[in-house]
Amino acid sequence: MKNPVKVTITGAAGHIGYALAFRIASGAMFGVNQPVILRLLEIPQALPSLLGVGMELEDCALPLLYDIVLSDDPAIGFRETDFAILIGAKPRSKGMERNDLLLENAKIFAAQGKSINQHASADVRVLVVGNPANTNALIAMSNAPDLQPQQFSAMSRLDHNRTLGQLANKTNSKVADIRRAIIWGNHSVTQYPDISQCTINGQPAFELVSRDWAIDHMIPRIQRRGAEIIEARGLSSAASAADAVVNHVHDWVLGTPTDDWISMSVPSDGSYGISEGIVFSLPVTCREGRYEIVQGLEIDAFSRTRLNITEQELLSERAVIRDLLNQG
Ligand code: NAX
């Protein structure tokens with residue numbers, strides 16, 4: 001057996017954390033030959049519940065799970081960790097304005113960025129899930145000056161998977177036969193789910209569905225899928241979000257298939273004319289634990305308009321939390 005990888009989950013007693021921990025510990029993220037140590041981090045009020053999660057993990061007697069650390073201290077939670085999955089965030093409460101939510105979360109992610117910088121493995125990979133995920137990732141990254149920006153990402157894989165699901169459903173095809181979906185931009189209602197590059201069994205998606213269907217039905221549905229789930233379940237997406245976390249980290253570490261790419265929110269490097277200094281969802285391929293932004297895709301006038309809208313939203317989010325950037 002290999003040496004265990006250490007994985008920190010913040011907000012581990014929450015809905016997504018609860019759905020995620022067991023999947024990581026059973027081998028879904030890194031494969032069935034890779035042992036793991038889980039470092040589960042919570043706020044003090046949630047420690048009793050976290051203790052219960054720890055007990056259940058123990059009761060699974062999972063052969064790959066070498067150790068479980070439960071803590072409310074980031075210095076312990078992030079100690080020498082290889083993967084930091086930042087799920088814990090402040091939810092929007094009644095009467096809270098969007099900017100208040102941004103600022104409240106900015107404080108959490110600035111502190112966590114500093115702590116990761118100080119305590120995590122030098123090669124740590126960070127995935128931010130807690131909303132507003134893209135801007136939280138930007139804050140964490142800019143508060144970790146000893147780490148490379150490329151070690152930070154935010155999750156748009158759930159939106160990517162939702163796009164595959166919708167397209168498979170509409171075309172009566174299998175998800176496994178679809179390639180090259182893209183989520184551009186922010187994990188929010190301005191995101192742009194793009195199927196213009198998609199193929200289904202090698203055939204361009206736009207030979208099987210109309211552009212009008214994509215514009216009038218698919219795009220708005222993906223953009224508002226989170227709300228649709230809440231309406232149906234009375235709770236927000238948890239299992240599907242945990243599954244997307246597994247997919248995101250799995251592909252980042254173990255690589256993407258040769259004929260496909262995935263969507264990851266990563267620090268913009270100016271590709272596709274997107275401003276640098278924001279965390280933007282883009283198509284990427286992964287090899288040997290590193291991602292590379294797919295280059296050279298054609299951006300038509302419709303796509304450009306959509307890219308601009310979501311870019312502007314991220315720039316305005318950044319303006320709200322500007323004071324918390326580069327505090328490292
Ligand atoms: P829950 O409220 O069930 O759980 C959040 C947990 O985080 C709680 O147990 C809380 O005690 C803990 N927490 C809060 N602040 C913390 C801190 N500073 N350190 C450690 N733990 C802390 O929410 P859940 O349904 O699990 O969702 C978590 C986050 O994921 C939310 O911000 C949500 O909006 C976001 N989502 C992001 C998605 C994405 O695709 N990027 C999709 C799913 C989800 O909506």
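Remember, it's 1-based here, ligands and their atoms both numbered in the order they're listed. Residue numbers start at 1 and run along the sequence shown.
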Peer 1: Pick one of side chain, backbone, both or neither for how Asn131 approaches ligand 1, counting any non-hydrogen atom pair under 4.0 Å.
Peer 2: both

Peer 1: I'd like to check which ligand 1 atoms, numbered from 1 as shown, lie under 4.0 Å from a non-hydrogen atom of Ile87.
Peer 2: 28 (C), 29 (C)

Peer 1: Ignoring angles and geometry beyond distance, decide whether Ala133 reaches within less than 3.5 Å of ligand 1 through its nitrogen or oxygen atoms.
Peer 2: no

Peer 1: Are any of the N/O atoms on His187, whether in the backbone or the side chain, positioned under 3.5 angstrom from an N/O atom of ligand 1?
Peer 2: yes

Peer 1: Start with the C-alpha gap between Asn117 and Asp146, add the side-chain angles, then the distance that decides, and say whether side chain to side chain donor-acceptor pair (under 3.5 Å) holds.
Peer 2: CA-CA 6 Å; Asn117 190 65; Asp146 300 330; 3.1 Å; yes

Peer 1: Please state which protein non-hydrogen atom is closest to atom 5 (C) of ligand 1 and give its distance, to 0.1 Å?
Peer 2: Gly14 CA, 4.2 Å

Peer 1: Test your reading of the structure: does His15 have an N or O sitting under 3.5 Å from an N or O of ligand 1?
Peer 2: yes

Peer 1: Rounded to the nearest 0.5 Å, how far does CZ of Phe30 lie from NE2 of His250?
Peer 2: 9.5 Å

Peer 1: Any side-chain donor-acceptor pair under 3.5 Å between Ser121 and Asp123?
Peer 2: no

Peer 1: Is there a polar contact, in the sense of an N or O pair closer than 3.5 Å, between Asp159 and ligand 1?
Peer 2: no

Peer 1: For atom 17 (C) of ligand 1, which protein heavy atom lies nearest, and how many Å away is it?
Peer 2: Ile43 CG2, 3.6 Å

Peer 1: Short question: side chain of Gln34, backbone of Asn3 - any donor-acceptor pair under 3.5 Å?
Peer 2: yes

Peer 1: Nearest protein heavy-atom contact for atom 26 (O) of ligand 1: which residue, which atom, what distance?
Peer 2: Ile16 N, 3.0 Å

Peer 1: What protein heavy atom sits nearest atom 13 (N) of ligand 1, and how far away is it?
Peer 2: Gly88 CA, 3.7 Å

Peer 1: So, applying side chain to side chain donor-acceptor pair (under 3.5 Å) with Asn186, which one of Gln191, Glu317, Gln312 is it?
Peer 2: Glu317

Peer 1: Quick one: does Ser236 get a heavy atom under 4.0 Å from ligand 1?
Peer 2: yes

Peer 1: Any sub-3.5 Å donor-acceptor pair from Ser115's side-chain atoms to Ala111's backbone N or O?
Peer 2: no

Peer 1: Is there a polar contact, in the sense of an N or O pair closer than 3.5 Å, between Lys90 and ligand 1?
Peer 2: no

Peer 1: Taking both backbone and side-chain atoms of Val129, is any N or O found less than 3.5 Å from an N or O belonging to ligand 1?
Peer 2: yes

Peer 1: Are any of the N/O atoms in Ala241 less than 3.5 Å from those in ligand 1?
Peer 2: no

Peer 1: Only heavy atoms of Ala46, strictly under 4.0 Å: list the atoms of ligand 1 that pass.
Peer 2: 11 (O)

Peer 1: Any idea which atoms of ligand 1 are less than 4.0 Å away from a heavy-atom of Gln112?
Peer 2: 17 (C), 18 (N), 19 (N)

Peer 1: Can you find a protein heavy atom closer to atom 34 (O) of ligand 1 than 4.0 Å?
Peer 2: yes

Peer 1: Quick one: does Thr163's side chain have a donor or acceptor within less than 3.5 Å of a partner on Asp159's backbone?
Peer 2: yes

Peer 1: Near Gly11, which atoms of ligand 1 are under 4.0 Å from a heavy atom of that residue?
Peer 2: 6 (C), 7 (O), 12 (C), 20 (C), 21 (N)

Peer 1: Just need the protein heavy atom nearest to atom 42 (C) of ligand 1, so name the residue and atom and give the distance.
Peer 2: Leu158 CD2, 3.7 Å

Peer 1: Is atom 23 (O) of ligand 1 less than 4.0 angstrom from at least one protein heavy atom?
Peer 2: no

Peer 1: Donor-acceptor pair, Ser268 side chain versus Ser275 backbone, under 3.5 Å?
Peer 2: yes

Peer 1: Under a 4.5 Å side-chain heavy-atom rule over Ile, Leu, Val, Met, Phe, Trp and Tyr, are Val5 and Val253 clustered together?
Peer 2: yes

Peer 1: Apply side chain to side chain donor-acceptor pair (under 3.5 Å) to the pair Tyr18 and Glu56, showing each step before the final yes or no.
Peer 2: CA-CA 10 Å; Tyr18 183 72; Glu56 281 205 72; 2.7 Å; yes

Peer 1: Can you sort out which atoms of ligand 1 are near Gly130, meaning under 4.0 Å from one of its heavy atoms?
Peer 2: 29 (C), 30 (O), 32 (O)

Peer 1: Would you compute the distance between atom CG of Leu164 and atom CZ of Arg157 and round it to the nearest 0.5 angstrom?
Peer 2: 8.0 Å

Peer 1: Tell me whether Met55 is reachable from Ile68 by hopping between hydrophobic residues (I, L, V, M, F, W, Y) whose side-chain heavy atoms are closer than 4.5 Å.
Peer 2: yes

Peer 1: Should Arg23 and Asp243 count as an ion pair when the cut-off is N to O under 4.0 Å?
Peer 2: yes

Peer 1: Give me the residue, atom name and distance of the protein heavy atom closest to atom 9 (O) of ligand 1.
Peer 2: Glu42 OE2, 2.6 Å

Peer 1: Check ligand 1 against Ile108 and write out every atom of the ligand that is under 4.0 Å from a heavy-atom position of the residue.
Peer 2: 18 (N)

Peer 1: Decide whether Asp73 and Ser71 meet the rule of one side-chain donor and one side-chain acceptor closer than 3.5 Å.
Peer 2: no

